[in-house]
2 protein chains.
Amino acid sequence: MPKPEVDPTVQLELSVDRSSPVPLYFQLSQQLEAAIEHGTLTPGSLLGNEIELAARLGLSRPTVRQAIQSLVDKGLLVRRRGVGTQVVHSQVKRPLELSSLYDDLEAAGQRPATKVLVNTVVPASAEVAAALGVAEDSDVHRVERLRLAHGEPMAHLCNFLPPGLMDLDTDQLETTGLYRLMRAAGITLHSARQSIGARAATTEEADRLAEETGAPLLTMQRVTFDDTGRAVEYGTHTYRPTRYSFEFQLLVRT
Amino acid sequence: MPKPEVDPTVQLELSVDRSSPVPLYFQLSQQLEAAIEHGTLTPGSLLGNEIELAARLGLSRPTVRQAIQSLVDKGLLVRRRGVGTQVVHSQVKRPLELSSLYDDLEAAGQRPATKVLVNTVVPASAEVAAALGVAEDSDVHRVERLRLAHGEPMAHLCNFLPPGLMDLDTDQLETTGLYRLMRAAGITLHSARQSIGARAATTEEADRLAEETGAPLLTMQRVTFDDTGRAVEYGTHTYRPTRYSFEFQLLVRT
DNA sequence: TCAATCTGTATGTCCGGACAATCTGACTAC
DNA sequence: GTAGTCAGATTGTCCGGACATACAGATTGA
């Protein structure tokens, strides 16, 4: 009786383009990821062993391993010594990226709207100065925005940026997200320190978000760093919990 | 004039033990991480190039690269082609592990106390059955706990576990965290899907947490999976936002 | 003086091979 | 029948080398 579980990668049309500037391991990992996403590689199915896979593609084993390893790091695959590599059963979505509210909403097909309330330069308060690592009372950008979905206010975003980092055009801020603008300005986002909490809305906050005074609000504070370690953004956000919650997938560090 | 910035790894007493079963790259990465943690490798300092470092340690370059890469993945180092590898400036704490409230509190030196309110087997509701991937009305464990710090209630934790996974001893639940018990039972935690929100406390919830009815509560729902993709835990937690908030560091996926 | 070009350096990618560690399944002995 | 043992399969680790690519600083030219 033939084994019902044959190497599913043989039916996959895997191929690499050596003339492309895209690294070979990356080409392979993308194709495998697409196959998992598409369902061609079903959860629990075993990939053929690395040696054979390398031979079939005309690659070396280290290259194939690098491709597989990147997917293991993403949580899509699990390796077992003596057994093989298989697709994880659970549907992993995204391992918690450093995403902006704008991107989140757009991904959900919500077509977010933004209203810029404030876009100016102010002296840094002690709190802002400490977060951004600049001198107190030195100039920093201050941007205050209201994010709406379906015409309803969803969140109030207050951000501070160090001076000289980038131009903050109000029109651009109304049509796209802050992170996207920063990336476009050549800033490489690296890490962020976040704090998520809740509190009762003040009268002012309630007015802004069309809630009642004392209604629960979801709060988020974040300092974002670029790859040189500079703080490039400090934000204090409040969300309407009936309209928004933080959802993310996270992996165990190994 | 000599360059003020010399390779700081030469002063480091790096060495590897080839007779040890611990992989060489792991020995090296641990020593480097300790040096960064300890401050011997100061932020922004450049590590000597990989070739020389490999030669000095009697290792091959791929092995040294593997050690460095693991620290890059942790966000402790940054590589720049043509420049070198340097320690990041910002103080990276932890890249958001899959941690339990118990561990969080203990790390903060709070000596948490736990009171088990419920520890029984119940038929799975539709919500629980969907989260755990079991049949509706099939038996599942239900654990309800109250977590206190400094004698004050801090969070209410309601968890569901599939049957046959592990024993749930009330005494053990009162002295340690659920995740720790699961790991001790040989379960390899792999990933989790979380949702953090806020809402107003019902009268029942307010009573449990010594809050007022309608007070803001921080809520968290989580489904945890092991490395085979099975759902091993589903939890619905409520926190007092004046006593607790979620803080974490996260890295940009590259 | 300033801009374009060149050059050295360091990491990025890739190869082919070797041996060790570990898991599964089958075989054997009791 | 059950437990222990063994062999095959597969990933884990490590080596040594080769060339490509990108960045920084020095050099050269306008």
Side-chain angles (χ1 to χ4, degrees), chain A residues 1 3 5-9 16-30 32 44-73 77-87 186 188 227-228 254, chain B residues 1 3-9 16-30 32 44-73 77-88 186 188 227-228 254:
Chain A
M1 194 176 80
K3 284 168 65 179
E5 186 92 38
V6 282
D7 177 2
T9 59
V16 290
D17 176 11
R18 301 195 87 94
S19 66
S20 163
V22 179
L24 301 177
Y25 77 91
F26 193 73
Q27 293 184 36
L28 177 54
S29 71
Q30 276 198 319
L32 289 175
S45 62
L46 265 73
L47 271 61
N49 72 57
E50 299 168 349
I51 316 244
E52 190 202 341
L53 187 56
R56 202 164 63 238
L57 287 166
L59 298 173
S60 71
R61 189 181 164 214
T63 303
V64 172
R65 273 185 70 78
Q66 193 172 2
I68 292 176
Q69 187 59 46
S70 72
L71 297 180
V72 171
D73 292 338
L77 297 178
V78 177
R79 326 177 81 144
R80 284 168 194 275
R81 191 184 290 193
V83 180
T85 306
Q86 55 183 317
V87 183
T188 308
D227 55 359
T228 70
T254 41
Chain B
M1 192 175 82
K3 285 167 67 180
E5 186 89 42
V6 283
D7 178 2
T9 58
V16 290
D17 177 11
R18 301 193 87 95
S19 67
S20 162
V22 179
L24 300 178
Y25 78 90
F26 193 73
Q27 294 184 35
L28 177 56
S29 72
Q30 277 197 319
L32 289 176
S45 61
L46 264 73
L47 271 61
N49 73 57
E50 298 168 349
I51 316 248
E52 190 202 340
L53 187 57
R56 199 163 68 239
L57 286 166
L59 298 172
S60 70
R61 189 182 165 214
T63 303
V64 172
R65 272 185 72 77
Q66 192 172 3
I68 292 176
Q69 187 60 46
S70 71
L71 297 180
V72 172
D73 291 339
L77 297 177
V78 177
R79 328 177 80 143
R80 284 168 194 276
R81 191 184 293 196
V83 180
T85 306
Q86 54 183 320
V87 183
V88 294
T188 307
D227 56 359
T228 69
T254 42

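If you're wondering where the values come from, they're calculated on a predicted model, not measured in any experiment. Side-chain atoms are counted along with the backbone in the values below, which use heavy atoms only and exclude waters and symmetry mates. Throughout, a chain's letter reflects where its sequence line sits, starting with A, and its residues are numbered from 1.
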Could you go through nucleotides 7-11 of chain D and list every protein N or O atom that sits under 3.5 Å from one of its N or O atoms, giving the distance for each pair?
unit_1: dT10(D); atom_1: OP2; unit_2: Asn49(A); atom_2: ND2; d: 3.2
unit_1: dT10(D); atom_1: O2; unit_2: Gly82(A); atom_2: N; d: 3.1
unit_1: dT11(D); atom_1: OP2; unit_2: Glu50(A); atom_2: N; d: 3.0

Between CD of Gln69(B) and P of dT13(D) the distance, given in whole Å, is 14 Å

In terms of heavy-atom contacts, Ser29(A) and Ser70(A) come closest through CB-OG, 3.5 Å

note: Leu57(A), atom CG; dC15(C), atom P; distance rounded to Å ~ 10 Å

Query raised in the report: OP1 or OP2 of dT13(C) less than 4.0 angstrom from a side-chain nitrogen or oxygen of Thr63(A), does that happen here?
Result: no

### N/O donor-acceptor pair under 3.5 Å between Gln27(B) side chain and Asp17(B) backbone
yes

Rounded to whole Å, CG of Leu24(B) lies from C1' of dA18(C) at a distance of 15 Å

CG (Leu53(A)) and CD1 (Ile68(A)) are apart, to the nearest 0.5 Å, by 6.0 Å

Heavy-atom nearest nucleotide on DNA chain C taken for Arg18(A) and for Pro21(B); more 5' hit belongs to Arg18(A)

In whole angstroms, the gap separating P of dC15(C) from CG of Leu28(A) amounts to 11 Å

Terminal axes of the helix from dT1(C)-dA30(D) to dC30(C)-dG1(D) (5 end pairs apiece), angle rounded to 10 degrees, sit apart by 10°

Looking only at dT13(C), dC15(C), dC14(D), the nucleotide nearest the Pro23(A) side chain is dT13(C)

Using the rule given for side-chain contact (heavy atoms from CB on, under 4.5 Å), can you reason through Arg18(A) versus Leu59(A), listing the C-alpha separation, both sets of side-chain angles and the distance that settles it, and then say yes or no? CA-CA 10 Å; Arg18(A) 301 195 87 94; Leu59(A) 298 173; 3.8 Å; yes

The residue among Leu46(B), Leu77(B), Leu32(B) that forms side-chain contact (heavy atoms from CB on, under 4.5 Å) with Val87(B) is Leu77(B)

Does dC14(D) have OP1 or OP2 under 4.0 Å away from a side-chain N or O of Tyr25(B)? no

Atom CD of Gln66(A) and atom P of dT13(D) are separated, to the nearest Å, by 15 Å

Result for side-chain contact (heavy atoms from CB on, under 4.5 Å) between Tyr25(B) and one of Gln30(B), Gln66(B), Gln69(B) points to Gln66(B)

To the nearest angstrom, the CD-C1' distance between Gln27(A) and dC14(C) comes to 13 Å

Rounded to whole Å, the CZ-C1' distance (Phe26(B) to dC14(D)) equals 17 Å

Practice prompt. Could you check if a side-chain atom of Leu28(A) sits within less than 4.5 angstrom of a side-chain atom of Val64(A), using non-hydrogen atoms only?
Written response: yes

